[in-house]
Amino acid sequence: MTDVRETISKVVDKWFLYEPLLFNVYCTHKLEENTEIKCPFRTGKRRIEYNPNLLKQASTDEIEMGLKTEVTRILLKHPYQRVPPYPNRSALTTASDVTIREHCFQNEKLHNAAHYNFENQLSYEEYYRKLTLICPDVTPEGDYKDLSCSGGKSGEDSQQKTHLSPSLKKGEIWEYEAAASCSEFWDEDEEMADKVNMEIEKAQKTNQWGSVTGQFQETVTASLKIPMDYRRILSQFRASIISQRRKLTRMKPNRRYGFEFMGSQFEPKTHLLVAVDVSGSICSNDLQNFFSIINRFFSYGVETIKVLAFDTEIKQEFELKKARRSIQILGRGGTNFQSVINYYENHEEYQGLIMVTDGYAAIPKIKKNKQILWILTSKVEYDNANHWIKDLRFNKATFIPSLKNRGE
């Protein structure tokens, strides 16, 4: 039996000498074994995972090709940018596969555009839009949210799923489930995208591309984007919260297929919880800017915001139903995040928590998989805290540039 991790280590050692860009991008992620995934490799949440059971018969060349494919996804930033709300996960992975095959390098295990009767040399987004009409919207666990790929019918058991989609063969179903598993953790992560961009720019300056040449190089260079924008992060966080409230219903027509398939409906109100650090390390200008950020959510369509002011404990609770110019706050002691986390986990009505802080406190214990966005006071505080925030499941972080020097 092949020692897969040892083989991967040998591949990476070779990259150190001959593939500087691939090696440097690989080093931005942690390699982890995961026997539960349905694909040989997958990327997301700053990890590259591999399933040794699916790779035990693979040759060194096959393992290298699989690893190169995942690192290429990172180079193109597919796991970290342009992830739509409530995406079709199997279509996401398949669009990434086709893009890599058409624009980067030949991997015979990836389907090209002709396999789906598509025009070649389209963009990743164009392939994704076309593939949502073909790929079943299947969860990594194998549950079909929409077998028609159009926001339509969903099966509660395998017998019903087979009845709803008789054209799907067993091998195809497994392929789609594996694709959904591959992109399970793809989500917007501007900081990781920035790190990858730095490696691309380094390769540009030193002309150390390795095998990344020609059209592959042009595709990677074209993926360079502007640095992290906290406004975009806030907007995406809201979109992610809203997507959790999407439900299929027979009472509304599907936008594409009418009443033949179910449409979507949303709860009429977004329940958002915002916790503001009012400890002694936060200056008055910070607090003013914090509430300016909170007021921004009213322009995003949020109707009501529950605000917690905390230091070592929750000092105040109040609801905002419109933007305020000034708010009287209490506190100014030390900092402890745990009281806020406990409140959030004990109130199921809140779909998301925004924690506005400088990050100087003990790491909280988080038990439930609920979304949290941390907004740090500056790039310095972000760099100090993000190394532990990024390891918390369903947590992400951003910062306000030069927050201490200006208001927004």
Side-chain angles (χ1 to χ4, degrees), residues 7-31 39-50 55 58-83 92-115 120-128 182-183 186 189-228:
T7 302
I8 292 174
S9 179
K10 290 178 180 178
V11 168
V12 174
D13 287 344
K14 185 178 76 172
W15 283 3
F16 176 74
L17 296 175
Y18 302 107
E19 300 284 359
L21 179 57
L22 297 182
F23 176 80
N24 290 337
V25 171
Y26 168 84
C27 290
T28 63
H29 284 57
K30 180 189 292 186
L31 180 69
C39 46
F41 288 97
R42 78 173 179 187
T43 306
K45 297 295 183 183
R46 310 183 181 208
R47 301 192 300 269
I48 297 175
E49 296 182 338
Y50 68 96
L55 290 167
S59 67
T60 300
D61 288 344
E62 289 172 330
I63 290 175
E64 180 174 10
M65 182 60 74
L67 187 62
K68 182 179 180 180
T69 299
E70 292 308 308
V71 173
T72 300
R73 295 193 208 279
I74 300 171
L75 267 173
L76 300 178
K77 294 174 285 293
H78 291 169
Y80 300 116
Q81 283 185 338
R82 300 173 293 176
V83 181
L92 270 184
T93 303
T94 308
S96 180
D97 289 347
V98 175
T99 302
I100 291 171
R101 176 76 183 270
E102 292 290 331
H103 294 274
C104 299
F105 58 86
Q106 288 290 318
N107 180 348
E108 298 301 327
K109 291 192 174 182
L110 303 182
H111 294 315
N112 58 15
H115 178 83
N120 62 2
Q121 300 299 307
L122 298 181
S123 70
Y124 169 60
E125 287 82 4
E126 288 174 310
Y127 284 131
Y128 172 73
C182 185
S183 59
W186 291 13
D189 186 338
E190 287 295 313
E191 193 216 4
M192 178 51 66
D194 285 345
K195 285 185 177 181
V196 175
N197 284 343
M198 289 174 62
E199 298 301 335
I200 297 172
E201 290 167 353
K202 186 191 301 182
Q204 284 181 310
K205 292 176 182 178
T206 61
N207 198 28
Q208 293 185 329
W209 292 94
S211 64
V212 181
T213 57
Q215 184 182 10
F216 188 0
Q217 188 177 128
E218 292 175 4
T219 303
V220 168
T221 303
S223 72
L224 288 169
K225 300 199 72 171
I226 59 173
M228 179 188 298

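What you see below is based on every heavy atom in this structure, not just the backbone, and it leaves out hydrogens, waters and symmetry mates. Nothing fancy with the numbering, it's 1 onward along the sequence. For clarity, every value in this text was computed on a predicted model and none was experimentally measured.
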Can you spot which of Val11, Asp13, Thr7 makes a side-chain contact (heavy atoms from CB on, under 4.5 Å) with Ser9? Asp13
So, does Asn112 use its side chain to make a donor-acceptor pair with the main chain of His115 at under 3.5 Å? yes
In Å, rounded to the nearest 0.5 Å, how long is the span from CD of Glu191 to NZ of Lys195? 4.5 Å
With a 6.0 Å cut-off on the ring centroids, do His29 and Tyr80 count as close? yes
dist Leu110:CG -> Glu102:CD (nearest 0.5 Å) comes out at 10.5 Å
Heavy-atom closest contact (Tyr127 atom, Gln121 atom, distance): OH-N, 3.1 Å
Gap between atom CG of Leu21 and atom OG1 of Thr72 - 0.5 Å precision: 9.0 Å
What residue pairs, at least two apart or across chains, pass ring-ring contact (aromatic ring centres under 6.0 Å, His included) with a residue in residues 196-216? Phe105-Phe216
Is the backbone of Ser211 close enough, under 3.5 Å, to the side chain of Glu19 for a donor and an acceptor to pair up by distance? yes
Regarding Lys14 and Glu64, does a basic nitrogen lie under 4.0 Å from an acidic carboxylate oxygen? yes
Residue pair Cys182 / Arg42: nearest heavy atoms and the distance that separates them: O-CB, 3.5 Å
Looking at side-chain heavy atoms only, is the closest gap between Leu75 and Leu22 below 4.5 Å? yes
For Phe41, which of Ile8, Val71, Thr69 qualifies under side-chain contact (heavy atoms from CB on, under 4.5 Å)? Ile8
What distance separates Met198 CE from Thr28 OG1, expressed to the nearest 0.5 Å? 11.0 Å
Measure the spacing between OG1 of Thr213 and CD of Glu218 and express it to the nearest 0.5 Å. 10.0 Å
Is His103 reaching over with its side chain to a backbone N or O of Val98, donor-acceptor style, under 3.5 angstrom? no
CA sep, side-chain torsions, deciding dist, call: Lys77, Asp194, salt bridge (charged side-chain N to carboxylate O under 4.0 Å, His left out): CA-CA 10 Å; Lys77 294 174 285 293; Asp194 285 345; over 6 Å; no
Take Met65 and Asp61 through the side-chain contact (heavy atoms from CB on, under 4.5 Å) test and state the conclusion after the steps. CA-CA 6 Å; Met65 182 60 74; Asp61 288 344; over 6 Å; no
What's the verdict on side-chain contact (heavy atoms from CB on, under 4.5 Å) for Leu67 and Val12, showing C-alpha distance, side-chain angles and the deciding distance? CA-CA 9 Å; Leu67 187 62; Val12 174; 4.1 Å; yes
Would you name the heavy atoms of Ala113 and Asn120 that are closest together and state the gap between them? CB-CA, 3.9 Å
Look at the side chain of Tyr50 and the backbone N and O of Cys39, then say whether any donor-acceptor pair between them is shorter than 3.5 Å. no
Specify whether Trp186 and His78 have parallel, tilted or perpendicular ring planes, treating 30° as the upper limit for parallel and 60° as the lower limit for perpendicular. tilted
Check the pair Arg73, Ser96 against side-chain hydrogen bond (donor to acceptor under 3.5 Å, both in side chains), reporting the backbone distance first and the verdict last. CA-CA 7 Å; Arg73 295 193 208 279; Ser96 180; 2.8 Å; yes
May I have the step-by-step check of side-chain contact (heavy atoms from CB on, under 4.5 Å) for His111 and Thr94, ending in yes or no? CA-CA 8 Å; His111 294 315; Thr94 308; 5.8 Å; no
Distance in Å, Glu201 CD paired with Thr221 OG1, rounded so as to fall on 0.5 Å steps: 10.0 Å
Got Tyr26 and Leu31 here, is their nearest side-chain heavy-atom distance under 4.5 Å? yes
